Amino acid sequence: EGNGEINASADILYNGSTSGWQKFANSLKFRILMRISSKVDVSADLQAIASSRAVFTSNDDEAKLVYLDADPNANPIYEAIVYRSRFEYKMNSVMVDMLKDLDDPRLPVFAMVNNDGEYRGKPAGIDAVPNDEYNYDNVSSIGEFYINPNLEGFFMSYSELMFLMAEAANKGYITGDAATYYNNGVKASLAFNGVDGDYDAYIAQSSVAYDGTLKQIAEQNWIGLFCQGVESWTEWRRTGYPELEAAIEGVLGDQLPSRYTYPAIEQSVNAGSYGAAVDAQGDDLLTTKVWWMQ
């Protein structure tokens, strides 16, 4: 009901705001319902949230953790690249090429130019690197904005909610204008990345202006989930967009991973439940689909 109290000093997300937690809970529930929506009719539940529940209404409402300056409490990306000197962490060519094709103002925020002054990504899964074709100098590093000890870690963003609501409206699960939700998602993502001044020119492009396709909504959501690896993988598994190729020298051949496998200790100390899960879900393989996948 929103009448309870939360100890502000113990609440590192919303500083004791019950309304903040209500918005997060309802937004998160919308995400969860959309995750299973291709397998279960959840339209009534989605409509109830969209019509009468408090959800995120701006970037200010987002559920995000502000990291601290020093190791081990800084943002994990900063921790890996700066503290642990993992300078081989570079941009992938799928993201770079997509942003180039869209003339996307987020590209210089996501990536640094290489030594030739160009934005260049590397395909996934090349084992023997660095090499002459892909090395520290000619592949773009992650942008400085994202190598920040205090960069927020997201549980859920406003832009993600807007893209999910755009998809729900597009499919007829909820009422409302899908284009408006979509535009709000694009604007929110640009604002987080500090390039909201480019919104009007960006959204006016024929490749970005809302075209009513799931592909466009899902790909903009995927871009907005940059550096939110598990969530972007999950959305790809749910929607099938963007249309990705398998890692070049990956262990799965021409397939992409669909799930994590159970750890060995689960098999040894919880064999009964492990066996029951495998019987219900299929073989314990990286390529066995999760039940809610397309």
Side-chain angles (χ1 to χ4, degrees), residues 1-6 8 11-37 42-67 75 106 109 145-146 150-196 199 202-203 210 214 216-236 238-239:
E1 300 296 330
N3 299 321
E5 293 184 2
I6 300 173
D11 181 3
I12 58 177
L13 291 189
Y14 288 111
N15 195 36
S17 168
T18 54
S19 63
W21 281 101
Q22 280 185 313
K23 291 178 181 181
F24 176 30
N26 290 319
S27 300
L28 182 61
K29 185 175 181 179
F30 198 95
R31 176 209 275 177
I32 293 167
L33 291 169
M34 285 299 295
R35 187 152 300 166
I36 65 174
S37 61
V42 293
S43 55
D45 294 316
L46 289 167
Q47 183 63 64
I49 295 173
S51 298
S52 59
R53 302 284 179 85
V55 295
F56 296 157
T57 58
S58 74
N59 287 1
D60 293 337
D61 294 329
E62 295 170 327
K64 53 195 176 187
L65 176 67
V66 179
Y67 287 96
N75 183 284
R106 288 167 289 192
V109 183
F145 179 81
Y146 284 88
N150 303 128
L151 183 70
E152 299 96 332
F154 280 93
F155 292 96
M156 188 171 181
S157 68
Y158 171 60
S159 63
E160 182 183 7
L161 175 65
M162 288 296 98
F163 290 125
L164 291 173
M165 295 184 83
E167 179 186 344
N170 178 276
K171 292 180 174 179
Y173 297 158
I174 64 172
T175 57
D177 182 47
T180 299
Y181 290 131
Y182 169 84
N183 291 342
N184 288 342
V186 173
K187 185 179 292 185
S189 180
L190 265 59
F192 173 74
N193 287 281
V195 292
D196 44 318
Y199 169 77
Y202 182 62
I203 205 70
Y210 180 67
L214 173 61
Q216 185 188 53
I217 297 169
E219 288 185 351
Q220 279 291 338
N221 191 25
W222 187 75
I223 294 171
L225 290 169
F226 182 65
C227 284
Q228 299 179 53
V230 173
E231 187 61 23
S232 60
W233 176 45
T234 296
E235 281 297 283
W236 168 80
R238 186 181 70 83
T239 66

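Scope of the values below: all heavy atoms of this structure, side chains included, with no hydrogens, waters or symmetry mates. As the structure is a computational prediction, the values presented were derived from the model and not from experiment. Numbers here are sequence positions counted from 1.
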Visitor: When rounded to the nearest 0.5 angstrom, what is the spacing between CZ in Phe155 and CG in Leu28?
Guide: 10.5 Å
Visitor: Where is the tightest heavy-atom contact between Ser37 and Val42, given as atom of each residue plus distance?
Guide: CB-CG2, 3.8 Å
Visitor: Would you say Asn150's side chain and Tyr67's backbone share a donor-acceptor pair under 3.5 angstrom?
Guide: yes
Visitor: How many angstroms lie between atom CE of Met156 and atom NZ of Lys23, to the nearest 0.5 angstrom?
Guide: 14.0 Å
Visitor: Which pair of heavy atoms, one from Asn59 and one from Lys64, lies closest together, and at what distance?
Guide: O-NZ, 3.5 Å
Visitor: Please examine the side chains of Tyr146 and Asn193, heavy atoms only from C-beta on, and report whether any two atoms are closer than 4.5 Å.
Guide: yes
Visitor: Indicate yes or no: at least one non-hydrogen side-chain atom of Asn221 is less than 4.5 angstrom from one of Thr239.
Guide: no
Visitor: Less than 4.5 Å apart, any side-chain heavy atom of Phe163 and any of Tyr182?
Guide: yes
Visitor: Indicate yes or no: at least one non-hydrogen side-chain atom of Phe30 is less than 4.5 angstrom from one of Arg53.
Guide: no
Visitor: Which residues satisfy the ring pair (Phe, Tyr, Trp, His ring centres under 6.0 Å) test with Phe24, sequence neighbours excluded?
Guide: Trp21
Visitor: How many angstroms lie between atom OG of Ser27 and atom CE of Met162, to the nearest 0.5 angstrom?
Guide: 7.5 Å
Visitor: Is there a donor-acceptor contact under 3.5 Å from the side chain of Ser189 to the main chain of Gly185?
Guide: no
Visitor: Any side-chain to backbone donor/acceptor pair from Asn26 onto Gln22? Under 3.5 Å, distance only.
Guide: yes
Visitor: Quick check: do Tyr173 and Leu164 have side-chain heavy atoms less than 4.5 Å from each other?
Guide: no
Visitor: If only atom types and distance count, is the side chain of Gln47 paired as donor or acceptor with the main-chain N or O of Thr175 below 3.5 Å?
Guide: yes
Visitor: Search all heavy atoms of Ile6 against all heavy atoms of Ser17 and return the closest pair with its distance.
Guide: CD1-O, 4.3 Å
Visitor: Are Phe145 and Phe192, when compared by the centres of their aromatic rings, separated by less than 6.0 Å?
Guide: yes
Visitor: Would the distance check show the side chain of Ser232 and the main-chain N or O of Gly229 forming a donor-acceptor pair, the cut-off being under 3.5 Å?
Guide: yes
Visitor: Show the nearest heavy-atom pair for residues Tyr199 and Asn183, with the distance to one decimal.
Guide: OH-CB, 3.3 Å
Visitor: Under a 4.5 Å cut-off applied to non-hydrogen side-chain atoms, are Leu161 and Arg31 in contact?
Guide: no
Visitor: Kindly compute the distance separating OH (Tyr210) from CG (Asp177), expressed to the nearest 0.5 Å.
Guide: 8.0 Å
Visitor: Could you give the distance from OG (Ser157) to CZ (Phe56), rounded to the nearest 0.5 Å?
Guide: 8.0 Å
Visitor: Going by heavy atoms in the side chains, are Tyr202 and Leu190 under 4.5 Å from each other?
Guide: yes
Visitor: With rounding to the nearest 0.5 angstrom, report the OG to CD distance, Ser159 to Gln220.
Guide: 10.0 Å
Visitor: Between Glu231 and Arg35, does the salt bridge (charged side-chain N to carboxylate O under 4.0 Å, His left out) criterion hold? Intermediate values first, please.
Guide: CA-CA 11 Å; Glu231 187 61 23; Arg35 187 152 300 166; 2.8 Å; yes
